[in-house]
Number of protein chains: 2
Amino acid sequence: MSTQKTALVIDDHPLVARGIAAFLESHCSFDVVKAVSNIDDLWNVIDPANPPQMIILDFWLPDGASLPMLSQLKIKYPNTLILVVSADDDIAVQRKVQVAGAHGFINKQESTVIFVQAVSNLLSGQTWFANTTQQKAPNNHSRELAVTAKELGLTARQGEILALILNGLPNKRIAQKLSLSEQTVKEHVSGILSRLGVSNRIEAITKLRGNRLE
Amino acid sequence: MSTQKTALVIDDHPLVARGIAAFLESHCSFDVVKAVSNIDDLWNVIDPANPPQMIILDFWLPDGASLPMLSQLKIKYPNTLILVVSADDDIAVQRKVQVAGAHGFINKQESTVIFVQAVSNLLSGQTWFANTTQQKAPNNHSRELAVTAKELGLTARQGEILALILNGLPNKRIAQKLSLSEQTVKEHVSGILSRLGVSNRIEAITKLRGNRLE
DNA sequence: ATTAAACCCCTACTTCAGGGGGGTTCTCAA
DNA sequence: TTGAGAACCCCCCTGAAGTAGGGGTTTAAT
């Protein structure tokens, strides 16, 4: 139980909070994800002796309460990762939460795959903030639920193999289908797994569950 | 598959859409809940021969596209229930969607319990609008569904373990979680696999993808 | 009282998955 | 020209997954 990975979602819309929590539980390797919609509830839900590994915080809480709350969270639970989500893509908002000490900022319009990547980045000790110079391009082109190999940072071959993995094929059958040696398939699989930040194909499947590839 | 109960969630924020979909799958009696974030995708996702029982539609889509879309949906799929959700509680919004033919309207700030009630009301043929001539029928039939119950020939323990398998947990962690020996878990896994007619857990996951265990 | 089924544990054993070494080509860019 | 990256192949090794034996308990039904 000391190894329980827990997270907490704060959003003033209960349905959204519960929904994101459910998503995190099924896609991001958390054991328990709680959801709160009321700012007062927040402090009751957190166990001071065992704070969550990560808090997903909606930026647009009533009365602009999110930034002060962020500061309080940083003080009380300095080891908790804080990922701020927002519905608007004003770069000023990101800068605000960044200086306030959040570990990551992500737009609600981002695809779920990007969201999963952001979460795993934070979990591995990195941060997640949009680069103000580039960005923009990838997600405007619609089709949010369909994921391309490029969006995942995969090569064409890797994307091809990932599609077969997601269909449940073992390496041997992938090799037959693509006329490759099984060893070569393993190489590609290893590349895919490390790129996705998972440790085996099952995690890859459950992580990308609900998304179509290509 | 003709008895599959499906729903569709439309929200321009992918995470919210997927989150609500996950919530519906786990808390309402739907077998499959799809999520789309792009208006163009909507028409591709719907199978005209087998439209979803219910569509959850975010009111604040870009360019005010929700009302025209609502009308189109009513024409093409008159039997599909439409529940509109919105972040603001302007009564005028509700009136608009009501005259446009929606079966229900609910605020995102409502508790999840209310949301579940609204969904089951619609499913039972009633409507759900605030402030009008309707009363909150308190849980007329609480058929807590059977989304994908163990009634696929699995014992209680097997269902419990299958749920963990579908979340991507390896045998060792399943054993820890249930305080069992790893070997015992393997026994149950073997039982599950032969019962489901698959040869390994990956096939089980891909076979049951989209279904949620209780 | 006996049987059956669900549950639990053990020792093997085989196969697969994934990581670690080696390599080889080919292409593209500095 | 050199170098980097992608795609391909091979061998070895660890560990997980799954099967097949062997035990055992409890509970419910016959």
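Throughout, a chain's letter reflects where its sequence line sits, starting with A, and its residues are numbered from 1. Source: prediction; values computed, not measured.
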Going by heavy atoms closer than 4.0 Å, what residues in residues 168-176 of chain A are next to DNA chain C?
-> A/Pro170, A/Asn171, A/Lys172

Partners of A/Arg18 by side-chain hydrogen bond (donor to acceptor under 3.5 Å, both in side chains), sequence neighbours excluded?
-> none

Estimate the overall bend of the helix from C/dA1-D/dT30 to C/dA30-D/dT1 from the end axes over five pairs each, rounded to 10 degrees.
-> 30°

Atom pairs under 3.5 Å: protein N/O with N/O of nucleotides 28-30 of chain D:
none

B/Ile46 side chain near B/Leu73 side chain, heavy-atom distance below 4.5 Å = yes

To the nearest Å, give me how far apart CD1 (A/Ile165) and C1' (C/dC16) are.
-> 14 Å

Output one line per pair: protein atom, nucleotide atom from nucleotides 6-9 of chain D, and distance, for all N/O pairs under 3.5 Å.
| residue | atom | partner | partner atom | Å |
| --- | --- | --- | --- | --- |
| D/dA7 | OP2 | A/Thr155 | OG1 | 2.7 |
| D/dC8 | OP1 | A/Arg157 | NE | 3.1 |
| D/dC8 | OP1 | A/Arg157 | NH2 | 2.7 |
| D/dC8 | OP2 | A/Arg157 | NE | 2.9 |
| D/dC8 | OP2 | A/His188 | NE2 | 2.9 |
| D/dC9 | OP2 | A/Ser181 | N | 2.9 |
| D/dC9 | OP2 | A/Thr184 | OG1 | 3.0 |

Report yes if the side chains of B/Ile55 and B/Leu83 come closer than 4.5 Å at any heavy-atom pair, otherwise no.
-> no

Return the value, rounded to whole Å, for the distance between atom CD1 of A/Ile202 and atom P of C/dC16.
-> 15 Å

Can you tell if the side chain of A/Thr80 reaches within under 4.5 Å of the side chain of A/Gln53, non-hydrogen atoms only?
-> no

5' to 3', nucleotides 23-30 of chain C under a 4.0 Å protein heavy-atom cut-off (B base, S sugar-phosphate only, - none) gives --------

For the pair made of CZ in A/Arg195 and C1' in C/dG18, what is the distance, rounded to whole Å?
-> 18 Å

With a cut-off of under 6.0 Å to the ring centre and 45° to the axis, is B/Lys108 in cation-pi contact with B/Trp60?
-> no

Report the distance from atom CG of B/Leu193 to atom P of D/dA20, rounded to the nearest whole Å.
-> 12 Å

